[in-house]
Amino acid sequence: MDLSVTSTEYTTVTGTSAFVPSPATPYQGDIARYWNDEARPVNLRLGDVDGLYHHHYGIGAVDHAALGSSADSEYEKKLITELHRLESAQAEVLLDNLGAIGRDDTLVDAGCGRGGSSVMAHQRFGCKVEGVTLSSTQADFGNRRARELGIDDHVHAQVCNMLDTPFEKGSIAASWNNESSMYVDLDDLFAEHSRFLKVGGRYVTITGCWNPRYGQPSKWVSQINAHFECNIHSRREYLRAMADNRLVPQAVIDLTPDTLPYWELRATSSLVTGIEEAFINSYRDGSFQYVLIAADRV
Ligand SMILES: C[S@@+](CC[C@H](N)C(=O)[O-])C[C@H]1O[C@@H](n2cnc3c(N)ncnc32)[C@H](O)[C@@H]1O
C-alpha cells in the first residue's frame, strides 16, 4: 500500500518532517497532525524509563513504598517510573486477554501510537505484530525503536487508516485497539477487524466509554472529547457494533476502579496536562468507564 504518492509533507511543531497521507476524511487529517505534533512530557518521559512508549493510561494499585517521601529529591523520578509501571501493567492485561498466540501468528495493533504495546506483544509471544497509525511521526518512531531492539523483522508500523488496512482477509490471529477506538465509527472499525481476523481469532479493546446508566455523555466526557479531538462512544454502542460484526464478547471487564489510582497520582505530578480533573470526576460520578472488552471472531 503506497500512500506516499498522495501525501502532504510538512514540518511539525517540534521541527521534524512528517506527512499526512491523503486522509479518508478531513477529520483524519486533523488527527494525523495532532499525533505528528504530539510530544507531551507525560508520554515521552514515561517511555524513557525503559524504552516502551505508550499513549494510554495505567491500572493497578500505586506502590507507595517504591514512591517514598514527596520531600525526597528523587521523588519526581520515582513518580514517573511508577506511572510508567502502571501503563505497562495496563498493556499486560490487554495481552492476557488475547488468548493463545503462537510464534507464527501475526497480530494487528490498530492505532498503535509509538508502538509500546506492539513491542510487549512480540516480547511475550514471539509473534509478528503489524501496527497502524495515522501519524508518520509515530510510525517512524515505532520502527526506529524496533530496529534499536533488533526486532524489526517482527514488529512493524505503517501509516494507514485502520478502517481500510492492507491485511488479507482471515490472516490475523488477534488484534486490538488500545485507547484508539474513540477516533472512528465503531461499525466501520469492527467490520474491518472482522474482515482480517481468522474465524476463532480474538479482538480486544481497552477504552474509555460513557456509561448508558448515566443517560448521555456528561460535561466531563464532553471536555475529554474536546481535549483529545475524539468522540467517546457508549458501552452500549461497543456491544451493539460488535454483535453486528461477528465479534462476540467473551469478557467485559470494568477497569474503572483500577485506573483511578493512576489518575489520582498523575494529578499530583508536574506532568499534568489539565485533563486529569475531568477523568477523575467522571470516573467518580459514574458517567465514564474504563473497560476492557475481549471478543471472539465467529
Ligand atoms: C491515544 S493513542 C493510543 C496509542 C497506542 N494504542 C497506545 O496504547 O499507546 C491513539 C492512536 O490512534 C491512532 N488513530 C486514530 N484514528 C486512526 C485511524 N483511523 N487509523 C489508524 N490509527 C488511528 C492515532 O494515530 C494514535 O496513534
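Just so we're clear, the structure is a prediction, and the values are computed from it rather than from any experiment. One-based numbering, in listed order, for ligands and for the atoms of each.
Close approach of ligand 1 to Gln28 (heavy-atom distance below 4.0 Å) involves ligand atoms 19 (N). Close approach to Val184 involves these atoms of ligand 1, each under 4.0 Å from a residue heavy atom: 19 (N). Residue contact check: Gln138 has heavy atoms under 4.0 Å from atoms 25 (O), 26 (C), 27 (O) of ligand 1. Distances below 4.0 Å separate heavy atoms of His54 from the following atoms of ligand 1: 9 (O). Ligand-side atoms of ligand 1 in range of Asn161: 18 (C), 19 (N), 20 (N), range being under 4.0 angstrom from any heavy atom.
Under a 4.0 angstrom heavy-atom cut-off, Cys160 registers as being in contact with ligand 1. For Gly116, the closest heavy-atom approach to ligand 1 does not fall below 4.0 Å.
Using a distance-only test at 3.5 Å, with no hydrogens or angles considered, a donor-acceptor pair links the side chain of Asn211 to the main chain of Gly286. Side-chain atoms of Thr256 come within 3.5 Å of backbone atoms of Tyr290 as a donor-acceptor pair (strictly under, hydrogens ignored). Side-chain atoms of Gln289 never come within 3.5 Å of backbone atoms of Asp254 as a donor-acceptor pair (strictly under, hydrogens ignored).
When hydrogens are left out, the protein atom nearest atom 20 (N) of ligand 1 is Met162 N, 2.9 Å; that is the closest non-hydrogen contact. Of the protein's heavy atoms, Leu134 CG, 3.7 Å lies nearest to atom 23 (C) of ligand 1. Closest to atom 8 (O) of ligand 1, if we only count protein heavy atoms, is His56 ND1, 2.7 Å.
Under a 4.0 Å N-O distance rule, the pair Arg124/Asp96 qualifies as a salt bridge. Looking at Arg33 and Asp30, a side-chain N of the basic residue comes within less than 4.0 Å of a carboxylate O on the acidic one, giving a salt bridge. A salt bridge links Asp296 to Arg202: at least one charged side-chain nitrogen sits closer than 4.0 Å to a carboxylate oxygen. In summary, Arg266 and Glu87 do not engage in a salt bridge, as defined by a charged side-chain N under 4.0 Å from a carboxylate O.
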